[in-house]
Amino acid sequence: MPELPEVETIARGLDKRTAGDVIDSVWIGSRTQPLKSRPDEIAKMLEGARLKAVRRVGKHIAADLENQDGSPRGQWIIHLGMTGRVLVCPPEIEIPKHTHLIARLHSGRELRFVDPRMFGKLQVVPANTFTAPGKEPLDIGFELFSNLFRKRKTPIKSALLNQKLLSGIGNIYADEALFRAGVRPRRRAASLTRTELHKLYEAIPVVLKEAIAAGGSSISDYVDAAGEEGFFQLQHRVYGREGEPCLICKTPVKRIVISGRSSHYCPKCQK
DNA sequence: ACTATTTCCTGGATGC
DNA sequence: TGCATCCAGGAAATAG
C-alpha cells in the first residue's frame with residue numbers, strides 16, 4: 001500500500017519520465033468513485049496541458065501543469081489509496097481492468113491511472129493551491145512534532161495515521177517507527193515521555209528514508225514497465241510478522257487491532 | 001474540539 | 001470445485 005516512501009518514489013519516477021510532455025487528450029472511465037473533481041473539469045484541465053513537474057505532497061502525487069505559453073494552469077492531484085497505480089506505457093500495452101483514466105501524451109505514450117479498489121482519488125485544483133493536510137514528517141522540527149502529540153488521548157498508532165497531524169505515514173511505517181522507538185502502539189499519545197517522543201521523532205525519518213532508498217529501484221521498474229512487476233520489497237521488522245521472532249530479542253511479534261487497523265509490535269522491546 | 005466507528009470497494013485467502 | 005465469508009486499509013462521513 002502506497003505510503004510516503006512509495007509515493008515519493010513513484011512521483012520521482014513520473015517526473016523523470018513525463019516532465020515536459022504534453023497531454024493531448026484524456027479518456028475517463030464511467031466509475032465516479034475515484035474522481036474527486038467532475039470528469040469535465042478534469043478533462044478541461046488536463047487536455048492541452050504541459051506536465052511541468054511531478055512531486056509528492058503527503059501521500060498525494062501532485063503534477064504541476066502549465067499552458068503552452070508557460071503560464072501556470074493548475075495542478076493534477078492523484079491519491080493512490082490502497083491499490084492505485086500510475087503507469088506510463090506505450091498505447092499498445094493492453095489496458096488493465098479497473099483503468100479509470102488514460103492521458104495520451106504527445107510523446108506517444110500513455111499515462112494510466114488504475115485502481116481496482118477505488119480508494120484512490122483524482123482531482124484538479126488551481127495552480128499552487130494544493131497542500132498536505134498535516135506536517136511533512138521529513139521536515140518537521142521536534143518542538144512542533146511534540147506539540148502535535150503530547151495532548152492527545154488517542155493511541156499513538158492512531159495519531160501517527162492521522163494525516164492532519166503528519167502527512168504520509170500509513171499502517172506499515174507507523175508500526176515500523178514505533179518498533180524502532182520502543183513504544184507500544186496502544187499507548188496514549190499523551191502518555192509518551194519527552195524521551196520517547198524524541199525517539200519516535202528520530203525513528204520516523206530514518207524508517208521513511210530507508211524505505212525510499214530500498215524501494216526506489218523496484219518502484220521505478222514498476223512505473224517503467226507495463227505494470228505487473230512486484231511491489232517494492234522492504235525489510236519489515238514487525239509489520240506482517242505476527243508470531244515470528246523479534247529480530248532483536250526473539251520474542252514472538254504480536255498483532256493487535258487498534259481502531260480497525262492491524263498493529264504489530266514486540267511485547268518485550270516496546271513499552 | 002476530539003475521538004471512535006462506519007463506510008466505501010475488490011481480490012485474495014480461508015472454510016465448509 | 002464451488003460458493004460464501006472474511007479481511008486488507010486511506011480517509012471521508014457520521015455519531016457520540
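So you know, we letter chains A, B, ... as the sequences are listed, proteins then strands, and number each from 1.
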Counting any heavy atom closer than 4.0 Å, what does A/Phe149 reach on the DNA or RNA strands: base, sugar-phosphate only, or nothing?
nothing
More than 12 heavy atoms of other residues, nucleotides or ligands under 6.0 Å from CD of A/Glu94: is that the case?
no
For the backbone of A/Asp175 and the side chain of A/Lys157, can you confirm whether one donor and one acceptor N or O come within less than 3.5 Å of each other?
no
Separation of C/dA11 P from A/Ile169 CD1 (nearest whole Å):
12 Å
Which comes earlier along DNA chain B counting from the 5' end, the contact point of A/Arg117 or that of A/Thr154, where each point is its nearest nucleotide?
A/Thr154
Have A/Glu6 and A/Tyr173 got a donor and an acceptor in their side chains that come within less than 3.5 Å?
yes
Considering only heavy side-chain atoms of A/Met118, the closest of C/dG9, B/dG11, B/dC9 is B/dC9
Would the number of heavy atoms belonging to other residues, nucleotides or ligands and lying under 6.0 Å from NZ of A/Lys121 be above 12?
yes
Under the criteria of a ring-centre distance below 5.5 Å and an interplanar angle below 30°, is A/Phe119 stacked with the base of C/dA11?
no
Separation of C/dA11 atom C1' from A/Leu35 atom CG, nearest Å, is 17 Å
Take the protein atom CD of A/Gln33 and the nucleotide atom C1' of C/dA12, then report the distance between them rounded to whole Å.
11 Å
Counting only side-chain N and O atoms of A/Tyr173, is one of them less than 4.0 Å from OP1 or OP2 of C/dG10?
no
Out of B/dA4, C/dG10, C/dG9, which nucleotide sits closest to the side chain of A/Lys59?
C/dG10
Among B/dA4, B/dG11, C/dC7, which nucleotide has an atom closest to any side-chain atom of A/Pro155?
B/dA4
Round to the nearest Å and state the distance from A/His79 atom NE2 to C/dG9 atom C1'.
11 Å
Spacing of A/Asn171 atom CG relative to C/dA8 atom P, expressed in whole Å
10 Å
Judged by modelled atom types alone, do A/Arg73 and A/Asn67 share a side-chain donor-acceptor pair under 3.5 Å?
yes
Length of the NZ-P vector between A/Lys157 and C/dA11, whole Å:
14 Å
Along DNA chain B (nearest heavy atom to each residue), the more 5'-positioned of A/Lys151 and A/Arg261
A/Lys151
Whole angstroms only, please: what is the NZ-C1' distance between A/Lys164 and C/dG10?
11 Å
Look at A/Ser262 and C/dG9 and indicate whether a side-chain polar atom (N or O) is within less than 4.0 Å of OP1 or OP2.
yes
Could you state the atom-to-atom distance from CE of A/Met82 to C1' of C/dA8 in whole Å?
5 Å
